[in-house]
Protein chains: 2
Amino acid sequence: MRLKELTIIGQRNRLQYIILGLLNQQPQTGYDLAKAFENEIGEFWQAQHSQIYPLLKRMENAGDITHEDTVTGEKLAKKQYKLTPTGYQKLVDWVSEPSPELTPNKDEFILKLYFIKTADDPRLQPMLREQYQLHQAQLHHLQQRRETVFADSTTVDHAYGHYLILDHAIERETHYVEWLAQYLNP
Amino acid sequence: MRLKELTIIGQRNRLQYIILGLLNQQPQTGYDLAKAFENEIGEFWQAQHSQIYPLLKRMENAGDITHEDTVTGEKLAKKQYKLTPTGYQKLVDWVSEPSPELTPNKDEFILKLYFIKTADDPRLQPMLREQYQLHQAQLHHLQQRRETVFADSTTVDHAYGHYLILDHAIERETHYVEWLAQYLNP
DNA sequence: GGCAAACATGTAATTAATTACATGTTTGAA
DNA sequence: TTCAAACATGTAATTAATTACATGTTTGCC
């Protein structure tokens, strides 16, 4: 008789697919994954190590990934995770499957705007100015990332999706800034 | 000696401020609030009644709102909630306070794109087409909402923020659709 | 050699949010 | 008059995610 074991992963857990995708690029540790969420995909998704480590265990339990124990130096233990065929198939299925939902865009500034009733509310212009600076800074940051990541133009060819989403984010911020400018007083 | 009572509301609970803002527009019931999240602000924030009712209790406990019991017909009980001065001040403070954080945009399609490595991946074009249709539909929906909500041009004057965020959402969808079109094969 | 930053892995507590469960009333149309 | 849709209010269970707690190793610079 076996112990009760429940490894069913909730229905809308997107983080697991991102992890599958990252492990498909190359086997790596939980620590490496956590760093990836601060760097290359940090603009698009965030996850802390405290969410990653338990999820890796669940995913291994579900048979989607496996790990190999390694040691750096004398005794620093590492767990190098990689996809199983099942995990790879799960990733392929996820990417292929439709994404028919619109993303709820939970922008706090937009929410606050809703409660500004008139164009002459004294809070409006400072709010617009603050957001203008914020999104301008983000735009510059994204443009610089594109320059560094895709400095070598051939990089686009084998990281096309990454290029597309950076391009998309840059377009989005460009128009956000333009939209704000339109309502900013000189 | 009093019982332990803990009414501190967690630090990033934005829903409470939306409720304060809605109750400031007019006193209403939890049911009315839940409907508002399906209609006028549904494009910008969502909340189910199962989240609203307990929160209303916590907010009343915290002294931000009060309710009045009414009865419709013979015995259908309703709780009409309204702001206290404390609650009103909390709303004003929230709107006035800076919003210096960028919203993480957790768009599943964008995530999937990241794992498309080459421009000739056969999944790319269908994905772009699907999103094109989705965002085109959303754009039309938003445009129609603007026409109905702001049919009377004087409405803009006393619901300026609402006008701005609808305008912003329309701009965003317009450029999203344009961006997709740019990468769609004919 | 000392020391800080980065490497590396975990758990606990709490909050936000969704889905499902649960119950009853009123309105309005067929 | 019957019946469905809308009105109205709750709780329970579960999941996703963040913050805080907790511990130890290695690298590289001064």
Side-chain angles (χ1 to χ4, degrees), chain A residues 6-19 27-39 42 44-62 65 67-81 101 103-106 108 111, chain B residues 6-19 27-39 42 44-62 65 67-81 101 103-106 108 111:
Chain A
L6 210 56
T7 39
I8 295 151
I9 289 177
Q11 44 185 14
R12 275 252 132 287
N13 182 351
R14 272 108 106 205
L15 181 57
Q16 79 175 304
Y17 298 109
I18 307 170
I19 290 177
Q28 52 194 307
T29 66
Y31 186 85
D32 295 329
L33 290 170
K35 264 197 313 179
F37 285 103
E38 285 166 14
N39 303 318
F44 312 106
W45 206 273
Q46 296 80 42
Q48 274 69 44
H49 74 273
S50 58
Q51 201 186 355
I52 293 167
Y53 289 120
L55 184 53
L56 285 171
K57 284 194 177 169
R58 272 205 293 159
M59 289 169 72
E60 182 160 44
N61 221 273
I65 58 176
H67 83 269
E68 213 174 298
D69 287 304
T70 62
V71 171
T72 301
E74 281 304 295
K75 42 179 168 169
L76 183 61
K78 285 189 199 190
K79 292 182 180 178
Q80 194 84 4
Y81 285 94
E101 294 124 46
T103 310
N105 208 333
K106 301 194 159 184
E108 192 164 13
L111 270 182
Chain B
L6 209 55
T7 40
I8 296 151
I9 289 178
Q11 45 184 15
R12 274 253 133 285
N13 182 351
R14 272 106 108 206
L15 180 57
Q16 79 174 304
Y17 297 109
I18 306 171
I19 290 178
Q28 51 194 310
T29 65
Y31 187 84
D32 295 329
L33 291 170
K35 265 197 313 178
F37 285 103
E38 286 167 14
N39 303 317
F44 312 107
W45 206 272
Q46 297 80 43
Q48 275 68 45
H49 74 273
S50 59
Q51 201 186 355
I52 292 167
Y53 289 120
L55 184 53
L56 284 170
K57 284 194 177 169
R58 272 205 293 159
M59 289 168 73
E60 183 161 43
N61 222 273
I65 58 176
H67 82 270
E68 214 174 298
D69 287 304
T70 62
V71 171
T72 301
E74 281 304 295
K75 43 179 168 172
L76 184 60
K78 285 189 199 188
K79 293 183 181 176
Q80 194 85 4
Y81 284 94
E101 293 124 44
T103 310
N105 208 334
K106 301 193 160 185
E108 192 164 12
L111 270 182

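We name chains A, B, ... by the order of the sequence lines, and we start the count at 1 in each one.
- Checking A/E60, A/Q80, A/K57 one by one against A/H67, the side chain to side chain donor-acceptor pair (under 3.5 Å) holds for a single residue, A/E60.
- Nearest nucleotide to the side chain of B/W45, out of C/dA17, D/dT19, D/dA8: C/dA17.
- Within 4.0 Å (heavy atoms only), A/A77 reaches sugar-phosphate atoms of the nucleic acid but no base atom.
- Put simply, A/Q51 has a side-chain N or O that comes within less than 4.0 Å of OP1 or OP2 on D/dT18.
- Look at B/Y53 and you'll find a side-chain N or O under 4.0 angstrom from OP1 or OP2 of D/dT9.
- Each of B/Q80 and A/R14 was assigned the nucleotide of DNA chain D with the nearest heavy atom; the assignment lying further toward the 5' end belongs to B/Q80.
- For D/dA22, the paired nucleotide is C/dT9, the pair qualifying as Watson-Crick or G-U wobble because both relevant distances are below 3.5 Å.
- With distances taken from any side-chain atom of B/Y31 to the nucleotides D/dT18, D/dA6, C/dA6, the minimum falls on D/dA6.
- The heavy-atom pair separating A/E74 from A/V71 by the smallest distance is O-CG1, 3.6 Å.
- You'll find that the side chain of A/S50 is closest to D/dT19, out of C/dT19, D/dT19, C/dT9.
- With C/dG10, D/dG10, C/dA8 as the candidates, the nucleotide lying closest to the side chain of B/H49 is D/dG10.
- Distance from the side chain of A/K106 is smallest to C/dT18 among C/dG10, D/dA17, C/dT18.
- In this structure, B/R12 places its CZ atom 14 Å from P of D/dA20, rounding to the nearest Å.
- Look at B/R58 and you'll find a side-chain N or O under 4.0 angstrom from OP1 or OP2 of C/dA16.
- Contacts of A/T29 with the nucleic acid, taken as non-hydrogen atoms under 4.0 Å apart, involve only primed sugar atoms and P, OP1 or OP2.
- Look at CG on B/D69: it is 17 Å from P on C/dT25, rounded to the nearest Å.
- Of the side-chain N and O atoms in A/K79, one or more sit less than 4.0 angstrom from OP1 or OP2 of C/dG10.
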Please test A/W45 against B/L111 for side-chain contact (heavy atoms from CB on, under 4.5 Å), starting from the C-alpha separation and ending with a verdict. CA-CA 8 Å; A/W45 206 273; B/L111 270 182; 3.3 Å; yes
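- Remark: of the listed residues A/T72, A/D69, A/D32, A/T72 is the sole one forming a side-chain contact (heavy atoms from CB on, under 4.5 Å) with A/K78.
- Of all nucleotides listed (D/dA12, C/dA8, C/dT26), C/dA8 comes nearest to the side chain of A/L76.
- Closest approach of B/T103 and A/E108 over heavy atoms only: OG1-N, 4.4 Å.
- The side chain of A/K75 lies closest to D/dT25, out of D/dT25, C/dT27, D/dT11.
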